[in-house]
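I'd like to ask some things about the structure below.
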2 protein chains.
Amino acid sequence: MKELTKQQSKVLACVEVYLNKTGFPPTRAEICKELGFKSPNAAEMHLRALEKKGYIAIQSGSSRGLSIVKSQQSFEPVSDSVPVIGLVAAGSPTLAEENIEKRISCDPSLFAEGFDYFLKVKGLSMIDAGIHEDDLVAVKKTTQVKNGDLVVVRIEDEVTLKYFNQQDHLLELIPANKDFSTIKIDLREQEAFVEGKSVGLIRTH
Amino acid sequence: MKELTKQQSKVLACVEVYLNKTGFPPTRAEICKELGFKSPNAAEMHLRALEKKGYIAIQSGSSRGLSIVKSQQSFEPVSDSVPVIGLVAAGSPTLAEENIEKRISCDPSLFAEGFDYFLKVKGLSMIDAGIHEDDLVAVKKTTQVKNGDLVVVRIEDEVTLKYFNQQDHLLELIPANKDFSTIKIDLREQEAFVEGKSVGLIRTH
DNA sequence: TCATATACTGTAAAAATATACAGTATAAAT
DNA sequence: ATTTATACTGTATATTTTTACAGTATATGA
């Protein structure tokens with residue numbers, strides 16, 4: 001895909017915004033009005049260039065016969081795009097831009113309960129649960145978890161993925177690997193925050 | 001929201017389909033052509049009725065100035081739907097309707113190489129590869145596989161998911177579970193068909 | 001210095017389109 | 001029996017819109 005000039009980019013954005021707002025594409029004249037051009041031919045030329053570069057399609061002879069082929073920015077993606085967050089050793093797995101490794105275009109309803117983000121797994125502590133390094137665990141943000149759930153828990157600045165088991169004040173975070181030991185926390189002494197629970201997993205071979 | 005008459009419903013569907021196909025709304029004349037009307041006024045009247053009932057908005061004076069306010073049905077899902085096939089003990093994992101357990105709405109580009117269907121895993125032979133019973137393995141139909149790939153192979157009427165290793169005439173299908181033994185086939189004596197290879201996996205917790 | 005690409009203005013004609021008006025037909029409701 | 005709502009045909013026109021053509025200006029590389 002070829003690069004766009006600054007003006008072409010503006011025109012494409014104008015078409016996308018108009019389409020979003022009204023539900024149908026703008027005319028040449030409307031693009032001009034929006035961008036301050038004084039001749040419909042200005043818009044026409046930019047549209048032709050955008051067509052040639054493969055960003056839009058022009059239905060010749062039809063009024064407002066424009067359609068977006070390739071949105072320049074991620075305007076609205078076709079399916080939703082779900083952020084992938086690295087299982088950072090420090091800090092809460094926030095959706096802040098700096099923590100997002102990438103985005104994956106997939107439907108949040110892929111897993112029945114819905115989910116909010118993918119967490120990229122580090123380490124081997126859950127290997128016996130079939131969860132490998134670099135697997136993406138689909139996490140639903142919730143604090144409503146029950147014993148046996150696979151949960152994302154934050155303790156101080158550390159985020160971890162473990163099985164959840166709580167009896168009164170004693171929280172156990174149980175790994176699925178005999179080489180790792182269960183994390184035991186007395187909630188009267190130390191805080192632990194349930195960030196969410198795993199509702200699924202995807203892996204790329 | 002008021003009920004639509006049969007014809008109004010048809011017109012609304014026509015607008016939605018046209019919009020889906022072209023990216024912009026139809027003209028009165030195009031609606032007529034689509035539905036067999038002979039006067040643009042037929043379309044006009046239906047559009048006015050749809051506007052009055054709150055299903056569409058009409059931008060007066062603009063060509064193709066229609067926008068959908070309330071879609072009558074949920075039109076087809078945004079992303080593609082991928083079939084899920086049970087790992088049937090007998091027969092090739094065909095995409096024939098009777099073998100499809102269900103469909104999952106997700107983008108085939110979820111995994112970089114693309115894939116054709118999901119295979120629902122039966123048994124524990126790949127458990128040490130983190131592949132559990134009822135996991136869905138994303139399979140790309142291909143015969144181009146190399147040693148070490150996780151492949152879907154059919155031998156006679158049995159379909160199996162194993163690691164692939166071939167040296168000349170000797171095909172080995174290697175499980176990932178010490179309780180299972182490697183399947184060894186002399187291709188001069190017995191046929192084996194590579195149906196595809198695994199490019200990913202999804203699991204619902 | 002000359003060609004080339006980008007980025008426009010200005011005008012105008014042909015074609016596409018919305019939309020008003022005058023009818024016809026049919027079934028259901030009053 | 002008459003009104004009312006739905007569902008159109010057919011025609012015409014004003015308006016919108018595309019699109020071609022003729023220019024102007026500026027920056028960039030050859």
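To find a chain, count down the sequence lines: A is the first, B the second, and so on, and within it residues start at 1.
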Item to complete: Report the residue from His46(A), Glu51(A), Glu44(A) that forms a side chain to side chain donor-acceptor pair (under 3.5 Å) with Arg48(A).
Response: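 Going through His46(A), Glu51(A), Glu44(A) one by one, the side chain to side chain donor-acceptor pair (under 3.5 Å) with Arg48(A) is satisfied by Glu44(A) alone.
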Worksheet item: Nearest-Å distance, NZ (Lys6(B)) to C1' (dA28(C))?
Response: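 Going from Lys6(B) (NZ) to dA28(C) (C1'), I get 16 Å.
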Fill in: Nearest-neighbour nucleotide for the Thr5(B) side chain, dT17(D), dT11(C), dT6(D) considered
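The answer is dT6(D), which lies nearest to the side chain.
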Discussion item. Please report the distance, rounded to the nearest Å, between NZ in Lys52(A) and P in dA7(C).
Written reply: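 It is 14 Å, rounded to the nearest whole Å.
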Worksheet item: Given that His46(B) and Arg64(B) both sit by DNA chain D, which one's nearest nucleotide is further toward the 5' end?
Response: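 The answer here is His46(B).
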Worksheet item: Is Asp134(B) salt-bridged to Lys122(B), going by a charged N under 4.0 Å from an acidic O?
Response: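 Here Asp134(B) pairs with Lys122(B) in a salt bridge, since their nearest N and O are under 4.0 Å apart.
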Fill in: Heavy-atom pair of closest approach, residues Leu19(B) and Pro25(B)
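Scanning both residues completely, I find the closest heavy atoms to be CD1-N, 3.3 Å.
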Item to complete: Let me know the distance between CZ of Phe37(B) and P of dT6(D), rounded to the nearest Å.
Response: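 Atom CZ in Phe37(B) sits about 15 Å away from atom P in dT6(D).
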Worksheet item: For the pair made of CD in Glu44(A) and P in dT9(C), what is the distance, rounded to whole Å?
Response: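 In whole Å, dT9(C) P and Glu44(A) CD are 14 Å from each other.
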Worksheet item: Tell me, do Phe180(A) and Lys162(A) make a side-chain contact under 4.5 Å, heavy atoms counted?
Response: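 Phe180(A) does not reach Lys162(A) side chain to side chain.
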Worksheet item: What is the nucleic acid contact for Gln7(A), judged by heavy atoms within less than 4.0 Å: base, sugar-phosphate only, or nothing?
Response: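 Sugar-phosphate, backbone atoms only, no base.
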Worksheet entry | Nearest atoms (heavy-atom pairs only) where Pro40(A) meets Cys32(A) |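 Taking every non-hydrogen atom into account, CA-SG, 3.6 Å.
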Discussion item. I need the CG-P distance between Leu47(A) and dT6(C), as an integer number of Å.
Written reply: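 About 15 Å, once rounded to whole Å.
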Practice prompt. Ignoring the backbone of Thr27(A), work out which of dT17(C), dA18(C), dT18(D) is nearest its side chain.
Written response: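 Nearest nucleotide to the side chain: dT18(D).
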Practice prompt. Give a yes/no answer on whether the side chain of Arg28(B) brings an N or O atom under 4.0 Å of OP1 or OP2 in dA18(C).
Written response: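 For Arg28(B), the contact criterion (side-chain N or O under 4.0 Å from OP1 or OP2 of dA18(C)) is met.
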Worksheet item: Looking at dA18(C), dT9(D), dA7(D), which one has an atom nearest to any side-chain atom of Ala42(B)?
Response: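 Selected nucleotide (nearest to the side chain): dT9(D).
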Discussion item. Looking only at side-chain N and O atoms, does Asn147(A) offer a donor or acceptor that is under 3.5 Å from a partner on Asn165(A)?
Written reply: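 Asn147(A) and Asn165(A) do have a side-chain donor-acceptor pair below 3.5 Å.
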Worksheet item: Which nucleotide, dT17(D), dC8(D), dT19(C), lies nearest any side-chain atom of Arg48(B)?
Response: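 Closest of the options to the side chain of Arg48(B): dT19(C).
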Item to complete: Classify the angle between the aromatic ring planes of Tyr18(A) and Phe24(A) as parallel (below 30°), tilted (30 to 60°) or perpendicular (above 60°).
Response: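 Answer is perpendicular, since the angle exceeds 60°.
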Worksheet entry | N/O (side chain, Ser60(A)) to phosphate O (OP1/OP2, dT19(D)) under 4.0 Å |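 Yes.
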Worksheet item: Between dA15(C) atom C1' and Glu30(B) atom CD, what is the distance in whole Å?
Response: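 Distance check: Glu30(B) CD to dA15(C) C1' gives 13 Å.
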Discussion item. Whole angstroms only, please: what is the CZ-C1' distance between Phe24(B) and dT18(D)?
Written reply: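 Between C1' of dT18(D) and CZ of Phe24(B): 13 Å.
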Practice prompt. List the protein contact pattern of nucleotides 21-30 of chain D with one symbol per nucleotide (5' to 3'): B for base contact, S for sugar-phosphate-only contact, - for none; contact means a heavy-atom distance under 4.0 Å.
Written response: BB--------
Worksheet entry | For atom CD of Gln59(B) and atom C1' of dT17(C), their distance in whole Å |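 Going from Gln59(B) (CD) to dT17(C) (C1'), I get 15 Å.
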Fill in: Ser63(B) side-chain proximity, nearest of dT11(C), dT19(C), dA18(C)
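Nearest to the side chain of Ser63(B) among the choices is dA18(C).
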